[in-house]
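Written out below as structure tokens is the structure these notes cover.
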Amino acid sequence: MFDATEADQLRALAARAISQPLVTHIYTADPSAHVFEDRVWVYASHDIEASVAFNDNGDHFGMEDYHVLRMDSPEGEAVDCGVVLHVRDVPWAARQMWAPTAAARDGRYYLYFPAKGPDELFRIGVAVGDRPEGPFVAEPEPMAWSHSIDPAVFADADGSHYLYFGGIWGGQLQKYRDNVYDPSHEEPVGAEPALGPRVARLAQDMRQFAEPPREILILDGEGRPLRADDTARRYFEGPWLHRYGGRYYLSYSTGDTHLLCYATGDSPYGPFVHQGTILEPVVGWTTHHSICEFEGRWYLFYHDSLLSGGVTHLRSVKVTPLEHDADGRIRVIDPYGA
Ligand code: FUB
């Protein structure tokens with residue numbers, strides 16, 4: 001697949017990689033890491049070779065099921081708990097089980113996942129289990145108002161849970177305004193404000209939104225919405241929320257510029273002000289992450305395609321320490337800076 005030069009470059013990057021895949025017997029991606037029962041649980045996409053031609057919709061990401069990885073600590077071994085949900089067990093879903101996330105409430109565990117229905121539109125579903133590692137039983141219908149991809153749940157200190165989601169291009173977010181699909185809508189261009197991720201508080205039963213999802217505003221340092229052509233900073237996909245030092249941090253992928261970056265705000269709904277980069281580009285087109293605190297230390301879970309020799313839809317989940325400095329700024333991580 002790669003000529004000698006590319007193979008040499010990959011070997012050089014592999015030698016400098018700051019971390020190794022959590023597991024190597026399967027390809028895993030889109031890590032959503034959570035601490036439940038004093039352990040780390042990583043809910044991940046399970047990448048496969050689906051033999052679907054590459055296209056801008058990402059149809060070559062033809063995943064069919066989810067695995068959960070269990071770790072006694074982020075620096076320990078990862079144990080694959082096996083398949084926790086398969087597309088054939090989701091009544092409304094047809095294909096493309098993309099990036100999942102999870103939450104816990106009152107002793108039950110909730111797996112949130114996007115998939116395409118027979119109408120080719122992504123929606124977000126929830127599956128419920130009694131253990132962090134499942135098994136999970138899918139609700140018969142996707143969540144009302146849900147659309148697009150990349151759900152991420154944030155549990156706030158007051159017990160409220162918020163679900164963030166959305167991705168442009170193959171993730172279809174550009175086709176929606178105010179939660180309504182219109183195929184004539186396109187991604188904004190030029191100086192128009194970029195699209196933002198969506199957020200809604202979850203209902204007590206964790207199976208539905210408690211309110212219609214709203215769009216999050218991401219601002220530049222002068223208080224202006226990020227422009228659509230500001231591709232090194234604008235939102236593309238993969239939202240994540242964490243709280244540090246009393247502030248809310250929204251982090252996300254910039255997609256075609258391959259960065260993970262972050263913005264901060266005073267409310268889980270935003271607005272958020274762009275602050276900087278978290279992770280420089282990885283091998284592979286996509287970059288997707290989660291941020292997790294364990295015993296007072298912070299970690300970035302991410303993925304790259306080194307193990308597969310650069311195949312963009314065959315990725316591996318990794319973890320590395322993440323540092324906030326005294327001002328709360330996140331230190332930039334070079335994935336090949338060892
Ligand atoms: O894994 C499929 C898609 O690739 C995810 O939904 C995106 O975030 C990107 O990682």
Side-chain angles (χ1 to χ4, degrees), residues 21-22 26-33 42-50 52 54-67 69 85 87 93-102 111-117 120-125 142 146-153 163-175 187 195-198 234-241 250-262 278-279 281-291 300-308 310-318 335:
L22 295 191
I26 55 171
Y27 290 110
T28 56
D30 305 327
S32 180
V42 183
Y43 300 82
S45 297
H46 174 202
D47 281 358
I48 55 170
E49 181 48 77
V52 177
F54 280 59
N55 62 28
D56 284 344
N57 286 335
D59 288 336
H60 46 293
F61 292 93
M63 298 87 96
E64 297 176 348
D65 60 22
Y66 297 112
H67 285 235
L69 308 180
L85 186 69
V87 67
R95 62 193 178 92
Q96 286 176 281
M97 303 283 268
W98 284 13
T101 193
L111 178 73
Y112 299 87
F113 58 95
K116 275 185 186 165
E120 294 298 306
L121 294 182
F122 274 111
R123 292 185 185 77
I124 295 169
S146 74
H147 52 278
S148 195
I149 60 168
D150 289 358
V153 175
L163 194 138
Y164 298 78
F165 66 93
I168 60 175
W169 296 16
Q172 305 175 341
L173 188 65
Q174 68 278 8
K175 300 294 181 189
E187 181 188 2
L195 293 174
R198 309 302 202 246
R234 65 92 167 83
Y235 179 79
F236 190 96
E237 64 185 6
W240 186 260
L241 204 94
L250 171 72
S251 44
Y252 56 91
S253 164
T254 62
D256 52 345
T257 49
H258 315 289
L259 299 169
L260 290 180
C261 64
Y262 73 106
I278 296 176
L279 185 72
V282 294
V283 171
W285 198 95
T286 71
T287 186
H288 188 120
H289 75 302
S290 56
I291 294 171
L300 177 77
F301 288 77
Y302 65 105
H303 69 220
D304 75 10
S305 296
L306 261 182
L307 182 66
S308 66
V311 181
T312 209
H313 58 286
L314 296 177
R315 303 160 290 181
S316 302
V317 168
K318 299 179 161 188

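Whatever order the structure lists them in is the order used to number ligands and atoms, beginning at 1.
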What is the closest protein heavy atom to atom 3 (C) of ligand 1, and at what distance does it sit? Trp98 CE3, 3.8 Å

Could you tell me which atoms of ligand 1, counted from 1 in the order shown, lie closer than 4.0 angstrom to a heavy atom of Arg315? 1 (O), 2 (C), 4 (O), 9 (C), 10 (O)

Under a 4.0 angstrom heavy-atom cut-off, which atoms of ligand 1 come close to Ile149? 6 (O)

For the residue pair His67 and His46, categorise the inter-ring angle as parallel (less than 30°), tilted (30 to 60°) or perpendicular (more than 60°). perpendicular

Test: Asp150 and Arg198 ion pair at under 4.0 Å: no

Numbering the atoms of ligand 1 from 1, which are under 4.0 Å from a heavy atom of His303? 10 (O)

Identity and separation of the nearest protein heavy atom to atom 9 (C) of ligand 1: Glu237 OE2, 3.4 Å

Numbered atoms of ligand 1 (with element) below 4.0 Å of Thr286, judged on heavy atoms: 4 (O), 9 (C), 10 (O)

Once you measure the plane-to-plane angle for Tyr235 and Tyr252, does it fall in the parallel (<30°), tilted (30-60°) or perpendicular (>60°) bin? tilted

Sole residue of Asp304, Thr287, Asp47 in side-chain hydrogen bond (donor to acceptor under 3.5 Å, both in side chains) with Arg315: Asp47

Gap between atom CG of Asn57 and atom NZ of Lys116 - 0.5 Å precision: 5.5 Å

Aromatic plane relationship, Trp98 with Phe122 - under 30° parallel, 30 to 60° tilted, over 60° perpendicular: tilted

Against heavy atoms of Met63, which atoms of ligand 1 measure under 4.0 Å? 1 (O), 2 (C)

Closest non-hydrogen protein atom to atom 6 (O) of ligand 1, residue and atom name please, with distance? Asp150 OD1, 2.5 Å

Please state which protein non-hydrogen atom is closest to atom 1 (O) of ligand 1 and give its distance, to 0.1 Å? Asp30 OD2, 2.5 Å

